[in-house]
Amino acid sequence: MKKELNTQKIELIQPESSEQKYPYIGNVQAGFPSPADDFFHDYISLDELLVDHKETTFFARVSGSSMGNDFSDGDLLIIDKSLEWEENKIALCFIDGEFTLKRIKMNDGKCYLVPSNKDFPLFEVNYEQGVTIWGVVKYSIRKH
Amino acid sequence: MYALIDCNNFYASCERVFNPTLIGIPVVVLSNNDGCVIARSNEAKAIGIPMGAPAFEYEHRFRRYKVKVFSANFPLYGDMSRRVMSLLSNYSPHQEIYSIDECFLNLEGINVDLQKYGLEMKARIEKGTGIPISIGTAPTKALAKLANRIAKKFPNETGGSYVIDTEEKRIKALKWLKVEDIWGVGRKNAKKLYAIGAYKAIDFVNLSEAWVRKNMTITGLNLQKDLKGIPTIEMLEPEKKKSIGTSRTFETDLRSFDEVRERITTFTSMSAEKLREQNSFCKRLIVFIGTNPFKEHETQYYPSIQIKLPFPTNSTLELVKFAHEGLKQIFKNNLYYKRGGVLLTDFVDASVYQPSLFFNSDPKHKKLMEVIDKLNDKYHRDVVRLASQDERKHKMKQAHLSQHYTTDINEILTVEV
(Lines give C-alpha, C1' and ligand atoms only; values in the text may rest on other atoms or scores of the structure.)
Protein backbone atom coordinates (compact mmCIF):
# COMPACT_ATOMS: atom_id res chain seq x y z
CA MET A 1 0.00 0.00 0.00
CA LYS A 2 2.71 2.33 1.00
CA LYS A 3 4.61 1.52 -2.11
CA GLU A 4 1.63 2.29 -4.25
CA LEU A 5 1.22 5.68 -2.67
CA ASN A 6 4.81 6.29 -3.47
CA THR A 7 4.18 5.39 -7.09
CA GLN A 8 1.24 7.72 -7.11
CA LYS A 9 3.59 10.50 -6.19
CA ILE A 10 5.94 9.72 -9.03
CA GLU A 11 3.09 9.59 -11.50
CA LEU A 12 1.91 12.99 -10.43
CA ILE A 13 5.05 14.70 -11.48
CA GLN A 14 4.62 13.88 -15.13
CA PRO A 15 0.97 14.39 -15.87
CA GLU A 16 1.59 14.02 -19.60
CA SER A 17 3.41 10.74 -19.54
CA SER A 18 1.11 8.68 -17.41
CA GLU A 19 -2.39 8.63 -16.22
CA GLN A 20 -2.74 6.23 -13.38
CA LYS A 21 -6.36 5.54 -12.64
CA TYR A 22 -7.75 4.07 -9.47
CA PRO A 23 -10.98 2.15 -9.33
CA TYR A 24 -13.82 3.92 -7.66
CA ILE A 25 -16.32 1.73 -5.92
CA GLY A 26 -19.75 2.88 -7.05
CA ASN A 27 -23.22 2.17 -5.80
CA VAL A 28 -23.32 -1.40 -4.69
CA GLN A 29 -26.18 -3.12 -6.38
CA ALA A 30 -28.35 -5.38 -4.28
CA GLY A 31 -30.21 -8.29 -5.82
CA PHE A 32 -28.94 -11.45 -7.34
CA PRO A 33 -27.54 -10.81 -10.84
CA SER A 34 -24.83 -8.39 -9.87
CA PRO A 35 -22.17 -8.47 -12.55
CA ALA A 36 -18.77 -7.30 -11.45
CA ASP A 37 -18.83 -4.73 -14.24
CA ASP A 38 -21.36 -2.70 -12.33
CA PHE A 39 -19.11 -2.67 -9.37
CA PHE A 40 -16.43 -0.55 -10.93
CA HIS A 41 -18.18 2.10 -12.85
CA ASP A 42 -15.63 4.85 -12.99
CA TYR A 43 -12.09 5.78 -12.14
CA ILE A 44 -10.59 8.51 -10.08
CA SER A 45 -7.58 10.07 -11.68
CA LEU A 46 -5.42 12.29 -9.51
CA ASP A 47 -4.02 13.87 -12.64
CA GLU A 48 -7.47 14.90 -13.78
CA LEU A 49 -8.42 16.01 -10.30
CA LEU A 50 -5.37 18.10 -9.49
CA VAL A 51 -4.18 19.32 -12.88
CA ASP A 52 -6.55 21.43 -14.98
CA HIS A 53 -4.01 22.73 -17.47
CA LYS A 54 -1.11 20.37 -17.91
CA GLU A 55 0.86 22.81 -20.05
CA THR A 56 0.87 25.52 -17.43
CA THR A 57 1.08 23.45 -14.25
CA PHE A 58 4.36 23.40 -12.35
CA PHE A 59 5.43 21.79 -9.11
CA ALA A 60 7.34 23.31 -6.23
CA ARG A 61 8.41 22.22 -2.78
CA VAL A 62 7.98 24.14 0.47
CA SER A 63 11.09 24.50 2.55
CA GLY A 64 11.05 25.82 6.12
CA SER A 65 8.13 25.97 8.50
CA SER A 66 7.44 29.58 9.34
CA MET A 67 4.10 29.80 7.54
CA GLY A 68 1.84 28.88 10.40
CA ASN A 69 -0.67 26.20 9.58
CA ASP A 70 -0.92 26.93 5.87
CA PHE A 71 2.25 25.20 4.80
CA SER A 72 4.87 23.04 6.32
CA ASP A 73 8.28 21.81 5.36
CA GLY A 74 8.20 19.38 2.44
CA ASP A 75 4.70 20.19 1.15
CA LEU A 76 4.35 19.70 -2.57
CA LEU A 77 2.74 22.65 -4.33
CA ILE A 78 0.74 22.38 -7.53
CA ILE A 79 0.92 25.75 -9.20
CA ASP A 80 -0.97 26.94 -12.25
CA LYS A 81 0.92 29.72 -13.96
CA SER A 82 -1.94 30.58 -16.30
CA LEU A 83 -4.41 31.58 -13.55
CA GLU A 84 -5.14 35.22 -12.85
CA TRP A 85 -4.57 36.19 -9.23
CA GLU A 86 -7.63 36.84 -7.08
CA GLU A 87 -8.34 37.97 -3.56
CA ASN A 88 -7.65 35.23 -1.00
CA LYS A 89 -5.69 33.06 -3.38
CA ILE A 90 -2.19 32.02 -2.41
CA ALA A 91 0.36 33.05 -4.96
CA LEU A 92 3.93 32.06 -5.65
CA CYS A 93 5.55 35.49 -5.81
CA PHE A 94 9.00 36.66 -6.69
CA ILE A 95 10.02 39.51 -4.39
CA ASP A 96 13.49 40.92 -3.78
CA GLY A 97 15.19 38.17 -5.70
CA GLU A 98 13.40 35.31 -3.94
CA PHE A 99 10.42 33.07 -4.41
CA THR A 100 7.88 33.30 -1.61
CA LEU A 101 4.27 32.33 -0.87
CA LYS A 102 1.74 35.01 0.01
CA ARG A 103 -2.00 35.31 0.33
CA ILE A 104 -3.50 38.09 -1.76
CA LYS A 105 -5.73 40.63 0.04
CA MET A 106 -7.37 43.78 -1.24
CA ASN A 107 -8.15 46.71 1.00
CA ASP A 108 -9.07 50.31 0.09
CA GLY A 109 -8.07 49.69 -3.49
CA LYS A 110 -4.64 48.52 -2.44
CA CYS A 111 -3.26 45.07 -2.91
CA TYR A 112 -1.45 43.34 -0.08
CA LEU A 113 0.55 40.16 0.06
CA VAL A 114 -0.06 38.55 3.43
CA PRO A 115 2.30 36.01 4.93
CA SER A 116 0.75 33.19 6.96
CA ASN A 117 3.13 33.88 9.77
CA LYS A 118 1.58 36.73 11.74
CA ASP A 119 4.98 37.89 12.95
CA PHE A 120 5.92 38.91 9.44
CA PRO A 121 4.76 42.24 8.03
CA LEU A 122 2.14 42.77 5.33
CA PHE A 123 3.58 43.60 1.99
CA GLU A 124 1.89 46.25 -0.07
CA VAL A 125 2.16 45.55 -3.77
CA ASN A 126 3.89 48.41 -5.41
CA TYR A 127 4.93 48.03 -8.99
CA GLU A 128 8.17 49.90 -8.62
CA GLN A 129 9.40 47.20 -6.30
CA GLY A 130 9.23 44.67 -9.04
CA VAL A 131 6.91 42.12 -7.52
CA THR A 132 6.06 39.27 -9.84
CA ILE A 133 3.17 36.95 -9.27
CA TRP A 134 4.63 33.82 -10.84
CA GLY A 135 1.61 31.57 -10.44
CA VAL A 136 -1.32 30.66 -8.26
CA VAL A 137 -1.17 27.71 -5.85
CA LYS A 138 -4.02 25.31 -6.69
CA TYR A 139 -3.24 22.52 -4.26
CA SER A 140 -0.69 21.63 -1.68
CA ILE A 141 -0.02 18.03 -0.84
CA ARG A 142 1.33 17.03 2.54
CA LYS A 143 2.85 13.74 3.47
CA HIS A 144 1.48 12.41 6.77
CA MET B 1 -2.58 32.46 -44.09
CA TYR B 2 0.35 31.00 -42.18
CA ALA B 3 1.66 32.02 -38.79
CA LEU B 4 5.24 31.39 -37.73
CA ILE B 5 5.65 31.45 -33.98
CA ASP B 6 9.11 31.66 -32.54
CA CYS B 7 10.23 31.65 -28.90
CA ASN B 8 12.55 34.56 -28.20
CA ASN B 9 16.05 33.48 -27.11
CA PHE B 10 14.45 30.21 -26.13
CA TYR B 11 17.10 28.48 -24.00
CA ALA B 12 17.95 31.67 -22.12
CA SER B 13 14.23 32.32 -21.63
CA CYS B 14 13.73 28.82 -20.16
CA GLU B 15 16.43 29.53 -17.58
CA ARG B 16 14.78 32.83 -16.70
CA VAL B 17 11.37 31.32 -16.02
CA PHE B 18 12.71 29.54 -12.95
CA ASN B 19 15.27 32.14 -12.02
CA PRO B 20 13.81 35.62 -12.55
CA THR B 21 16.99 37.26 -11.21
CA LEU B 22 18.40 36.54 -14.68
CA ILE B 23 15.98 38.96 -16.32
CA GLY B 24 17.75 42.00 -17.73
CA ILE B 25 21.27 40.59 -17.44
CA PRO B 26 23.37 38.77 -20.05
CA VAL B 27 22.75 35.02 -20.14
CA VAL B 28 24.44 32.43 -22.35
CA VAL B 29 23.86 28.69 -22.70
CA LEU B 30 26.71 26.38 -23.70
CA SER B 31 26.58 23.29 -25.90
CA ASN B 32 27.07 19.72 -24.69
CA ASN B 33 30.34 19.49 -22.77
CA ASP B 34 30.27 23.26 -22.25
CA GLY B 35 32.09 23.75 -25.55
CA CYS B 36 30.59 26.80 -27.17
CA VAL B 37 27.75 29.30 -26.93
CA ILE B 38 24.50 27.98 -28.41
CA ALA B 39 22.07 30.59 -27.05
CA ARG B 40 22.27 34.17 -25.92
CA SER B 41 19.95 36.64 -24.28
CA ASN B 42 19.62 40.03 -25.98
CA GLU B 43 21.98 41.50 -23.36
CA ALA B 44 24.61 38.88 -24.22
CA LYS B 45 24.22 39.69 -27.92
CA ALA B 46 24.65 43.38 -27.14
CA ILE B 47 28.05 42.90 -25.49
CA GLY B 48 29.28 41.14 -28.61
CA ILE B 49 29.21 37.45 -27.74
CA PRO B 50 28.75 35.71 -31.09
CA MET B 51 26.78 32.55 -31.70
CA GLY B 52 29.10 29.57 -31.49
CA ALA B 53 31.74 31.42 -29.46
CA PRO B 54 34.13 28.90 -27.86
CA ALA B 55 33.55 29.18 -24.10
CA PHE B 56 37.22 29.10 -23.14
CA GLU B 57 38.06 32.02 -25.43
CA TYR B 58 35.32 34.17 -23.95
CA GLU B 59 35.84 33.45 -20.26
CA HIS B 60 37.41 36.82 -19.74
CA ARG B 61 34.47 38.64 -21.31
CA PHE B 62 31.98 36.54 -19.34
CA ARG B 63 33.67 37.66 -16.12
CA ARG B 64 34.00 41.26 -17.14
CA TYR B 65 30.30 41.67 -17.99
CA LYS B 66 29.07 39.31 -15.24
CA VAL B 67 27.48 37.03 -17.81
CA LYS B 68 25.47 34.17 -16.32
CA VAL B 69 26.68 31.00 -17.99
CA PHE B 70 24.63 27.79 -18.18
CA SER B 71 25.29 24.29 -19.42
CA ALA B 72 22.57 23.16 -21.80
CA ASN B 73 19.68 21.72 -19.78
CA PHE B 74 17.92 19.85 -22.58
CA PRO B 75 15.41 18.00 -20.39
CA LEU B 76 14.15 21.40 -19.22
CA TYR B 77 14.16 22.99 -22.69
CA GLY B 78 12.41 19.98 -24.20
CA ASP B 79 9.68 20.05 -21.59
CA MET B 80 9.12 23.80 -21.92
CA SER B 81 8.99 23.42 -25.70
CA ARG B 82 6.33 20.73 -25.40
CA ARG B 83 4.25 23.02 -23.20
CA VAL B 84 4.51 25.96 -25.61
CA MET B 85 3.78 23.81 -28.68
CA SER B 86 0.81 22.17 -27.01
CA LEU B 87 -0.71 25.55 -26.10
CA LEU B 88 -0.13 26.83 -29.64
CA SER B 89 -1.82 23.78 -31.16
CA ASN B 90 -5.10 25.16 -29.79
CA TYR B 91 -4.95 27.98 -32.31
CA SER B 92 -5.13 25.87 -35.48
CA PRO B 93 -5.85 22.27 -36.43
CA HIS B 94 -2.69 22.27 -38.57
CA GLN B 95 0.61 22.69 -36.78
CA GLU B 96 4.08 21.99 -38.04
CA ILE B 97 6.72 21.95 -35.32
CA TYR B 98 9.69 23.26 -37.20
CA SER B 99 12.29 23.19 -34.43
CA ILE B 100 12.42 23.10 -30.63
CA ASP B 101 11.42 26.76 -30.49
CA GLU B 102 9.49 27.40 -33.74
CA CYS B 103 6.26 26.23 -35.30
CA PHE B 104 4.02 27.06 -38.23
CA LEU B 105 0.26 27.19 -37.91
CA ASN B 106 -1.95 27.05 -40.96
CA LEU B 107 -4.68 29.60 -40.28
CA GLU B 108 -6.75 28.82 -43.37
CA GLY B 109 -10.44 29.25 -42.65
CA ILE B 110 -9.87 31.00 -39.35
CA ASN B 111 -11.69 34.28 -39.78
CA VAL B 112 -10.36 36.53 -37.10
CA ASP B 113 -8.36 39.72 -36.79
CA LEU B 114 -4.97 38.06 -37.28
CA GLN B 115 -3.00 40.75 -35.50
CA LYS B 116 -5.20 40.37 -32.44
CA TYR B 117 -5.10 36.59 -32.74
CA GLY B 118 -1.30 36.77 -32.59
CA LEU B 119 -1.35 39.04 -29.57
CA GLU B 120 -3.78 36.70 -27.84
CA MET B 121 -1.45 33.73 -28.44
CA LYS B 122 1.45 35.75 -27.16
CA ALA B 123 -0.36 36.80 -23.98
CA ARG B 124 -1.54 33.27 -23.25
CA ILE B 125 1.79 31.55 -23.84
CA GLU B 126 3.76 34.16 -21.94
CA LYS B 127 1.42 34.09 -18.95
CA GLY B 128 1.11 30.32 -18.85
CA THR B 129 4.72 29.33 -19.42
CA GLY B 130 6.80 32.46 -18.95
CA ILE B 131 8.33 32.07 -22.42
CA PRO B 132 8.22 35.21 -24.61
CA ILE B 133 7.28 34.60 -28.25
CA SER B 134 6.99 36.49 -31.55
CA ILE B 135 4.40 35.87 -34.25
CA GLY B 136 4.55 36.61 -37.96
CA THR B 137 1.52 36.00 -40.16
CA ALA B 138 1.40 36.11 -43.96
CA PRO B 139 -0.04 34.34 -47.03
CA THR B 140 3.00 32.01 -47.39
CA LYS B 141 5.52 30.36 -45.09
CA ALA B 142 8.53 32.34 -46.34
CA LEU B 143 6.61 35.59 -45.86
CA ALA B 144 5.47 34.44 -42.39
CA LYS B 145 9.13 33.97 -41.50
CA LEU B 146 9.79 37.48 -42.70
CA ALA B 147 6.80 38.90 -40.78
CA ASN B 148 8.13 37.18 -37.68
CA ARG B 149 11.49 38.84 -38.16
CA ILE B 150 9.79 42.22 -38.28
CA ALA B 151 7.73 41.41 -35.16
CA LYS B 152 10.91 40.51 -33.29
CA LYS B 153 12.97 43.42 -34.58
CA PHE B 154 10.34 46.06 -33.79
CA PRO B 155 8.61 44.90 -30.59
CA ASN B 156 7.44 48.39 -29.62
CA GLU B 157 5.73 49.08 -32.94
CA THR B 158 4.28 45.60 -33.48
CA GLY B 159 3.68 44.33 -29.95
CA GLY B 160 5.44 41.14 -31.05
CA SER B 161 2.87 40.21 -33.71
CA TYR B 162 3.06 41.36 -37.32
CA VAL B 163 0.81 40.52 -40.25
CA ILE B 164 1.71 40.92 -43.92
CA ASP B 165 -1.74 41.13 -45.48
CA THR B 166 -1.43 43.79 -48.15
CA GLU B 167 0.73 44.15 -51.24
CA GLU B 168 2.13 47.37 -49.82
CA LYS B 169 3.30 45.65 -46.63
CA ARG B 170 4.80 42.77 -48.60
CA ILE B 171 6.88 45.09 -50.81
CA LYS B 172 7.98 47.20 -47.86
CA ALA B 173 9.10 44.08 -45.98
CA LEU B 174 11.00 42.70 -49.00
CA LYS B 175 12.79 46.02 -49.42
CA TRP B 176 13.89 45.83 -45.79
CA LEU B 177 15.17 42.24 -45.68
CA LYS B 178 18.75 41.46 -46.70
CA VAL B 179 19.18 38.48 -49.03
CA GLU B 180 21.32 36.56 -46.54
CA ASP B 181 18.49 36.79 -44.03
CA ILE B 182 15.91 35.19 -46.33
CA TRP B 183 14.68 31.90 -44.87
CA GLY B 184 16.64 29.05 -46.42
CA VAL B 185 19.09 31.12 -48.44
CA GLY B 186 22.46 29.84 -47.37
CA ARG B 187 25.72 31.73 -47.34
CA LYS B 188 26.67 30.24 -50.69
CA ASN B 189 23.50 31.49 -52.40
CA ALA B 190 23.77 34.87 -50.72
CA LYS B 191 27.24 35.22 -52.27
CA LYS B 192 25.84 34.45 -55.73
CA LEU B 193 23.10 37.02 -55.23
CA TYR B 194 25.52 39.68 -54.03
CA ALA B 195 27.69 38.99 -57.06
CA ILE B 196 24.90 40.07 -59.40
CA GLY B 197 23.96 43.05 -57.27
CA ALA B 198 20.95 41.60 -55.48
CA TYR B 199 21.23 42.83 -51.91
CA LYS B 200 17.65 42.91 -50.67
CA ALA B 201 14.91 40.30 -50.77
CA ILE B 202 13.04 42.45 -53.30
CA ASP B 203 15.99 42.12 -55.70
CA PHE B 204 15.85 38.36 -55.37
CA VAL B 205 12.10 38.30 -56.00
CA ASN B 206 12.56 40.40 -59.15
CA LEU B 207 15.17 38.07 -60.67
CA SER B 208 14.08 36.00 -63.67
CA GLU B 209 12.80 32.55 -62.80
CA ALA B 210 15.26 31.04 -65.27
CA TRP B 211 18.23 32.56 -63.44
CA VAL B 212 16.98 31.44 -60.05
CA ARG B 213 16.29 27.93 -61.27
CA LYS B 214 19.68 27.64 -62.88
CA ASN B 215 21.68 29.06 -60.00
CA MET B 216 19.64 28.15 -56.95
CA THR B 217 17.82 24.98 -58.08
CA ILE B 218 14.15 24.23 -57.62
CA THR B 219 14.40 25.03 -53.89
CA GLY B 220 15.40 28.59 -54.70
CA LEU B 221 12.61 28.88 -57.22
CA ASN B 222 10.02 27.71 -54.70
CA LEU B 223 11.35 30.19 -52.22
CA GLN B 224 11.04 32.98 -54.77
CA LYS B 225 7.42 32.05 -55.50
CA ASP B 226 6.67 31.92 -51.80
CA LEU B 227 8.06 35.41 -51.35
CA LYS B 228 5.91 36.58 -54.27
CA GLY B 229 2.94 35.53 -52.19
CA ILE B 230 2.18 32.27 -54.03
CA PRO B 231 2.08 29.47 -51.46
CA THR B 232 4.63 26.91 -52.68
CA ILE B 233 6.26 25.58 -49.55
CA GLU B 234 3.75 23.21 -48.02
CA MET B 235 3.03 22.46 -44.40
CA LEU B 236 4.92 19.44 -43.18
CA GLU B 237 2.71 17.76 -40.67
CA PRO B 238 4.55 15.49 -38.25
CA GLU B 239 5.73 12.26 -39.75
CA LYS B 240 8.04 9.54 -38.63
CA LYS B 241 11.74 10.21 -38.70
CA LYS B 242 13.68 8.69 -41.56
CA SER B 243 16.88 8.26 -39.62
CA ILE B 244 17.82 8.39 -35.96
CA GLY B 245 21.27 9.15 -34.75
CA THR B 246 23.15 9.70 -31.52
CA SER B 247 26.63 11.10 -31.49
CA ARG B 248 28.75 12.83 -28.91
CA THR B 249 32.09 14.44 -28.33
CA PHE B 250 33.83 12.54 -25.56
CA GLU B 251 34.91 14.45 -22.51
CA THR B 252 38.37 12.97 -22.72
CA ASP B 253 40.17 11.39 -25.64
CA LEU B 254 39.69 7.63 -25.63
CA ARG B 255 42.43 5.30 -26.71
CA SER B 256 41.28 1.78 -25.92
CA PHE B 257 38.89 -0.23 -28.02
CA ASP B 258 36.85 -1.20 -24.97
CA GLU B 259 36.23 2.38 -23.98
CA VAL B 260 35.14 3.41 -27.45
CA ARG B 261 32.99 0.29 -27.71
CA GLU B 262 31.29 1.23 -24.47
CA ARG B 263 30.32 4.60 -25.89
CA ILE B 264 29.12 3.08 -29.17
CA THR B 265 26.95 0.67 -27.17
CA THR B 266 25.35 3.55 -25.34
CA PHE B 267 24.69 5.51 -28.56
CA THR B 268 23.17 2.43 -30.21
CA SER B 269 20.98 1.79 -27.21
CA MET B 270 19.75 5.41 -27.15
CA SER B 271 18.97 5.36 -30.88
CA ALA B 272 17.22 1.98 -30.66
CA GLU B 273 14.98 3.32 -27.92
CA LYS B 274 13.86 6.16 -30.17
CA LEU B 275 13.37 3.72 -33.02
CA ARG B 276 11.00 1.62 -30.91
CA GLU B 277 9.19 4.76 -29.78
CA GLN B 278 8.08 5.40 -33.35
CA ASN B 279 7.41 1.69 -33.92
CA SER B 280 9.94 1.22 -36.72
CA PHE B 281 12.56 -1.36 -37.61
CA CYS B 282 15.79 -0.36 -39.30
CA LYS B 283 17.68 -2.12 -42.05
CA ARG B 284 20.90 -0.13 -42.02
CA LEU B 285 23.29 1.03 -39.34
CA ILE B 286 26.20 3.44 -39.60
CA VAL B 287 28.99 3.67 -37.04
CA PHE B 288 31.49 6.50 -37.08
CA ILE B 289 34.36 7.65 -34.90
CA GLY B 290 36.85 10.49 -35.14
CA THR B 291 40.07 11.72 -33.63
CA ASN B 292 40.59 15.09 -31.99
CA PRO B 293 40.97 17.74 -34.73
CA PHE B 294 42.50 20.20 -32.27
CA LYS B 295 45.45 17.91 -31.68
CA GLU B 296 47.05 18.76 -35.01
CA HIS B 297 50.26 16.89 -34.29
CA GLU B 298 48.31 13.63 -33.82
CA THR B 299 47.24 11.42 -36.72
CA GLN B 300 43.77 12.38 -37.90
CA TYR B 301 41.30 9.63 -38.72
CA TYR B 302 37.54 9.89 -39.35
CA PRO B 303 36.28 6.51 -40.49
CA SER B 304 32.68 5.42 -40.83
CA ILE B 305 31.11 2.16 -41.86
CA GLN B 306 27.68 1.27 -43.16
CA ILE B 307 26.20 -2.07 -42.26
CA LYS B 308 23.31 -3.51 -44.18
CA LEU B 309 21.50 -5.61 -41.64
CA PRO B 310 20.53 -9.18 -42.53
CA PHE B 311 17.02 -8.51 -41.20
CA PRO B 312 15.15 -5.43 -40.00
CA THR B 313 15.22 -5.02 -36.23
CA ASN B 314 14.75 -2.57 -33.40
CA SER B 315 16.19 -4.77 -30.69
CA THR B 316 19.01 -3.10 -28.78
CA LEU B 317 20.70 -6.45 -28.28
CA GLU B 318 20.84 -7.17 -31.99
CA LEU B 319 21.73 -3.64 -33.07
CA VAL B 320 24.55 -3.47 -30.55
CA LYS B 321 26.05 -6.67 -31.97
CA PHE B 322 26.07 -5.15 -35.45
CA ALA B 323 27.48 -1.89 -34.17
CA HIS B 324 30.33 -3.73 -32.43
CA GLU B 325 31.06 -5.63 -35.62
CA GLY B 326 31.20 -2.32 -37.51
CA LEU B 327 33.42 -0.69 -34.93
CA LYS B 328 35.86 -3.61 -35.09
CA GLN B 329 36.24 -3.00 -38.82
CA ILE B 330 37.13 0.66 -38.54
CA PHE B 331 38.92 0.91 -35.20
CA LYS B 332 42.67 1.49 -35.32
CA ASN B 333 44.92 1.21 -32.31
CA ASN B 334 47.22 3.91 -30.98
CA LEU B 335 44.97 6.82 -31.86
CA TYR B 336 43.12 9.25 -29.61
CA TYR B 337 39.39 9.25 -30.34
CA LYS B 338 37.44 12.37 -29.49
CA ARG B 339 34.02 11.59 -30.91
CA GLY B 340 31.77 8.87 -32.17
CA GLY B 341 28.22 8.11 -33.15
CA VAL B 342 25.66 5.69 -34.45
CA LEU B 343 23.03 6.35 -37.10
CA LEU B 344 20.08 4.07 -37.77
CA THR B 345 18.40 4.42 -41.13
CA ASP B 346 16.39 2.66 -43.86
CA PHE B 347 13.27 2.12 -41.77
CA VAL B 348 10.31 -0.16 -42.18
CA ASP B 349 7.12 0.06 -40.21
CA ALA B 350 7.08 -2.61 -37.50
CA SER B 351 3.38 -3.28 -37.99
CA VAL B 352 3.55 -3.99 -41.72
CA TYR B 353 6.94 -5.63 -41.88
CA GLN B 354 7.06 -9.11 -43.41
CA PRO B 355 9.64 -11.39 -41.84
CA SER B 356 11.98 -13.23 -44.18
CA LEU B 357 12.20 -16.98 -44.28
CA PHE B 358 15.65 -17.53 -42.81
CA PHE B 359 17.07 -14.50 -41.07
CA ASN B 360 14.87 -12.79 -38.57
CA SER B 361 15.02 -10.64 -35.54
CA ASP B 362 14.64 -12.84 -32.48
CA PRO B 363 10.96 -12.55 -31.57
CA LYS B 364 11.77 -12.92 -27.87
CA HIS B 365 13.52 -9.58 -27.98
CA LYS B 366 10.30 -7.74 -28.65
CA LYS B 367 8.89 -8.56 -25.24
CA LEU B 368 12.23 -7.97 -23.57
CA MET B 369 12.61 -4.54 -25.15
CA GLU B 370 9.11 -3.59 -24.14
CA VAL B 371 9.91 -4.42 -20.53
CA ILE B 372 13.21 -2.54 -20.61
CA ASP B 373 11.60 0.54 -22.17
CA LYS B 374 8.83 0.50 -19.61
CA LEU B 375 11.24 0.22 -16.70
CA ASN B 376 13.49 2.96 -18.01
CA ASP B 377 10.51 5.18 -18.67
CA LYS B 378 9.01 4.61 -15.25
CA TYR B 379 12.14 4.95 -13.16
CA HIS B 380 15.04 6.81 -14.55
CA ARG B 381 16.80 6.42 -17.78
CA ASP B 382 19.26 3.51 -17.86
CA VAL B 383 17.95 1.73 -14.79
CA VAL B 384 18.19 -1.31 -17.05
CA ARG B 385 21.03 -1.34 -19.53
CA LEU B 386 23.40 -3.68 -21.27
CA ALA B 387 26.47 -4.84 -19.41
CA SER B 388 28.62 -3.45 -22.21
CA GLN B 389 27.09 -0.02 -21.80
CA ASP B 390 29.00 2.45 -19.67
CA GLU B 391 28.12 2.84 -16.04
CA ARG B 392 28.92 6.44 -15.50
CA LYS B 393 25.66 8.24 -15.83
CA HIS B 394 26.92 11.51 -17.18
CA LYS B 395 30.20 11.85 -18.83
CA MET B 396 29.38 15.24 -20.17
CA LYS B 397 31.06 18.24 -18.74
CA GLN B 398 28.23 20.33 -17.37
CA ALA B 399 29.75 22.70 -14.90
CA HIS B 400 26.90 25.21 -14.98
CA LEU B 401 23.81 23.05 -15.16
CA SER B 402 20.57 24.45 -13.76
CA GLN B 403 17.98 22.25 -12.07
CA HIS B 404 15.65 19.97 -14.00
CA TYR B 405 12.76 22.06 -12.67
CA THR B 406 10.00 20.35 -14.63
CA THR B 407 11.20 16.80 -15.16
CA ASP B 408 12.73 15.62 -11.89
CA ILE B 409 10.77 15.70 -8.62
CA ASN B 410 13.99 16.12 -6.67
CA GLU B 411 14.89 19.28 -8.57
CA ILE B 412 11.64 21.26 -8.61
CA LEU B 413 11.53 24.86 -7.41
CA THR B 414 11.95 25.30 -3.68
CA VAL B 415 10.07 28.02 -1.86
CA GLU B 416 11.49 29.10 1.48
CA VAL B 417 8.78 30.08 3.93
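In what follows, chains are A, B, ... by sequence order, proteins preceding strands, each numbered from 1.
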For atom CD of A/Glu98, decide whether the heavy atoms of other residues, nucleotides or ligands shown that lie under 6.0 angstrom number more than 12. no
Proximity of residues 19-27 of chain B to chain A, residues having a non-hydrogen atom under 4.5 angstrom: B/Pro20, B/Thr21
Distance (rounded to the nearest 0.5 Å) between B/Glu411 CD and A/Arg61 CZ: 12.5 Å
Considering only heavy atoms, which portion of B/Met80 lies under 4.5 Å from any heavy atom of chain A: side chain, backbone, both, or neither? side chain
Between the CD1 atom in B/Ile409 and the CZ atom in A/Phe59, the distance rounded to the nearest 0.5 Å is 7.0 Å
At a heavy-atom separation under 4.5 Å, does B/Val17 approach chain A through its side chain, its backbone, both, or neither? both
Which heavy atom of A/Ser63 sits nearest a heavy atom of B/Thr414, and at what distance? CB-CG2, 3.4 Å
Reported CG-to-CG distance for the pair A/Leu77 and B/Leu413, which is rounded to 0.5 angstrom: 9.5 Å
Give a yes or no on this: more than 12 heavy atoms of other residues, nucleotides or ligands lie within 6.0 Å of atom NZ of B/Lys68. no
Closest heavy-atom pair and its distance - B/Lys127, A/Glu84: CE-OE2, 3.4 Å
More than 12 heavy atoms of other residues, nucleotides or ligands under 6.0 Å from NZ of A/Lys89: is that the case? no
Report the distance from atom CD1 of B/Ile125 to atom OG of A/Ser82, rounding to the nearest 0.5 Å. 11.0 Å
Hey, could you give me each pair passing salt bridge (Lys or Arg N to Asp or Glu O under 4.0 Å) that has a residue in residues 17-28 of chain B? Not counting sequence neighbours. none
For B/Ser271, which residues count as a side-chain contact (heavy atoms from CB on, under 4.5 Å) partner, sequence neighbours excluded? B/Ile244, B/Thr246, B/Leu344
Between A/Leu83 and chain B, with a heavy-atom cut-off of 4.5 Å, which part of the residue counts as in contact: side chain, backbone, both or neither? backbone
With sequence neighbours excluded, residues passing side-chain hydrogen bond (donor to acceptor under 3.5 Å, both in side chains) with A/Lys105: A/Asn88
If you measure from CZ on A/Phe94 to CZ on B/Phe18, what distance do you get to the nearest 0.5 Å? 13.0 Å
A/Lys54 and B/Arg83: which non-hydrogen atoms are nearest, and at how many Å? O-NH1, 3.6 Å
From CD (A/Glu55) to CG (B/Asn90), nearest 0.5 Å: 6.5 Å
